[in-house]
**Student:** 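Below is the structure I would like to discuss, written out as structure tokens.
Note that the coordinates shown come from a computational prediction; the quantities given were computed from them, not determined experimentally.
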Amino acid sequence: MKKKSTLLLSTVVAALGGLLFGFDTAVISGTTEALTELFQLNAWGKGFAVSIALWGTVFGAVVASWPGDRFGRRASLQWTGVFFFVSALGCAVAWNFTSLLVFRFLGGLGVGAASVLGPMYIAEIAPPAWRGRLVGFFQFNVVLGILLAFLSNAIVGLFELGAVEWRWKLGIEAVPALLFFLALFAVPRSPRWLAKVGRIDEARVTLQQIGVEAPDEELGAIVRSIDEEHGRAAEPLFQFKYRVPILLAIGVAMFNQLSGINGLLYYLNDIFTKAGFEKLSGDIRAVMIGATNLIFCMLGMALIDKFGRKALLMIGSVGTTVCLAGVAAIFFLDAYQWMLVWLLMGYIAFFSFSQGAVIWVYISEIFPNRVRAKGQSLGSFTHWFMCAIVAWTFPMLAEQSGGYPFVFFAAMMALQFFVVMFFFPETKNVSLEEMQEKLGID
């Protein structure tokens, strides 16, 4: 029982990086109106102000594999906590628009790195039968962080702080960031990373700590899967033999953002304002959508190891397509606004149940040990690059008509259904070492 508790504690602590990830990306939605007025931003400028953190996220996702391999997953996660902390405090005291952008970019570095390192750490300590749920717990915390951001924005708004309200909304993140940094001292390092750098005895001890029933046998399988020659261990990702996992990682990450999820979350208050809702009403509806996101993410986590990743993605594709088409119709017809919140909640439910629960689990499963960090970075880079593009362009598209972005997103989700059906393999109940064989990787 104590050993299982170590496994669960390690998962919870690592997944707190996901909470900060979700909070940091969603909290900006409560400040877009204030920032637009304060700095006199047009649609292009507002999109850039929102997306600057995402460009930091892109860079963080790209470089995260290097410290992850060099210093370990746990130590690198601690640095993401530092980035979150400094970013939050910096945004709270930002003295001009440029300084705000710099600190938001720094927070984005933390988000990008956490999106790579958190799922990778959990995948490397989790037994195969639990891996989907445990790695999915990272996504649960991302969604919880989004809900907490919406709730925090609504609560701070009740205090009517006026011109400094946006500073409090962005600065409050410093508290959980500090707690995350300190909590990481209480969890073990990844046994697969320890084995990879030759610390075999420590890897065996860690496997015992997290409750592996046959640690020596498990360690032997890990060691066999890791190339003995350092040259091969550091081999490049972009090789023909890795073409399948590369295409799968890029595909699942691109479709995740082409669903429009982050465009919706970042501009949720603006969407409700364009539909005619007042600020307080929009804040309350944002919390409703955040709660729906959390509930259906939990449902997806509960089912991911039973029904598999592929089935969830296909179901979600159908549901999100229908809901997004309905939202587009509301804006084009300029009618039935009362249905907007219900369609958005339906969209969030289908997304969280499928893409939201699957993406980080799937990417963490399809690469072999020797390039897993690089593969995770590739998937995260693709995800955040597309996210930055969507966040930057959404205000410009919506300025002409609120319906245009949603037509595009609906079409992408319809396409996703067929891509997943014909090209995505199932990964449930397959060990990380067996997945390597299943994908035909030597």
**Student:** State yes or no: are the ring centers of Y347 and F409 separated by less than 6.0 Å?
**Tutor:** no

**Student:** Compute the ring centroids of Y404 and F332, then answer whether they are less than 6.0 Å apart.
**Tutor:** yes

**Student:** Start with the C-alpha gap between F23 and F84, add the side-chain angles, then the distance that decides, and say whether ring pair (Phe, Tyr, Trp, His ring centres under 6.0 Å) holds.
**Tutor:** CA-CA 10 Å; F23 191 99; F84 285 127; 9.8 Å; no

**Student:** Begin from the C-alpha positions of V358 and K310 and carry the test side-chain contact (heavy atoms from CB on, under 4.5 Å) through to its verdict.
**Tutor:** CA-CA 9 Å; V358 168; K310 187 169 183 174; over 6 Å; no

**Student:** With a 6.0 Å cut-off (strictly less than), is the heavy-atom count around CE of M298, excluding the residue itself, greater than 12?
**Tutor:** no

**Student:** Could you note down all residue pairs passing salt bridge (charged side-chain N to carboxylate O under 4.0 Å, His left out) where residues 341-365 supplies at least one of them, sequence neighbours left out?
**Tutor:** R131-E365, R309-E365

**Student:** Do L100 and W95 have side-chain heavy atoms sitting under 4.5 Å apart?
**Tutor:** no

**Student:** Roughly how far, to the nearest 0.5 Å, is the CH2 atom of W166 from the CG atom of L35?
**Tutor:** 6.0 Å

**Student:** Taking all atoms of both residues into account, what is the closest heavy-atom pair of A398 and P405, and its distance?
**Tutor:** N-CG, 4.0 Å

**Student:** Under 6.0 Å from the CZ atom of F417, do we count more than 12 heavy atoms belonging to anything else shown?
**Tutor:** yes

**Student:** Look at atom CH2 of W79 and say whether more than 12 heavy atoms of other residues, nucleotides or ligands are closer to it than 6.0 Å.
**Tutor:** no

**Student:** Are the aromatic rings of F385 and W55 close, with centres under 6.0 Å apart?
**Tutor:** yes

**Student:** May I ask you to test the Y266-C387 pair for a side-chain heavy-atom distance under 4.5 Å?
**Tutor:** yes

**Student:** Heavy-atom count check: over 12 atoms from other residues, nucleotides or ligands less than 6.0 Å from L397 CG?
**Tutor:** yes

**Student:** Show which side-chain atoms of residues 58-71 pair as donor or acceptor with protein atoms under 3.5 Å away, not counting sequence neighbours.
**Tutor:**
from : atom 1 : to   : atom 2 : distance (Å)
D69  : OD1    : R73  : NH1    : 3.0
D69  : OD1    : K196 : NZ     : 3.4

**Student:** Evaluate the ring planes of F181 and F185, with Trp represented by its six-membered ring, and classify them as parallel (under 30°), tilted (30 to 60°) or perpendicular (over 60°).
**Tutor:** perpendicular

**Student:** Do F350 and F353 have ring centres separated by under 6.0 Å?
**Tutor:** no

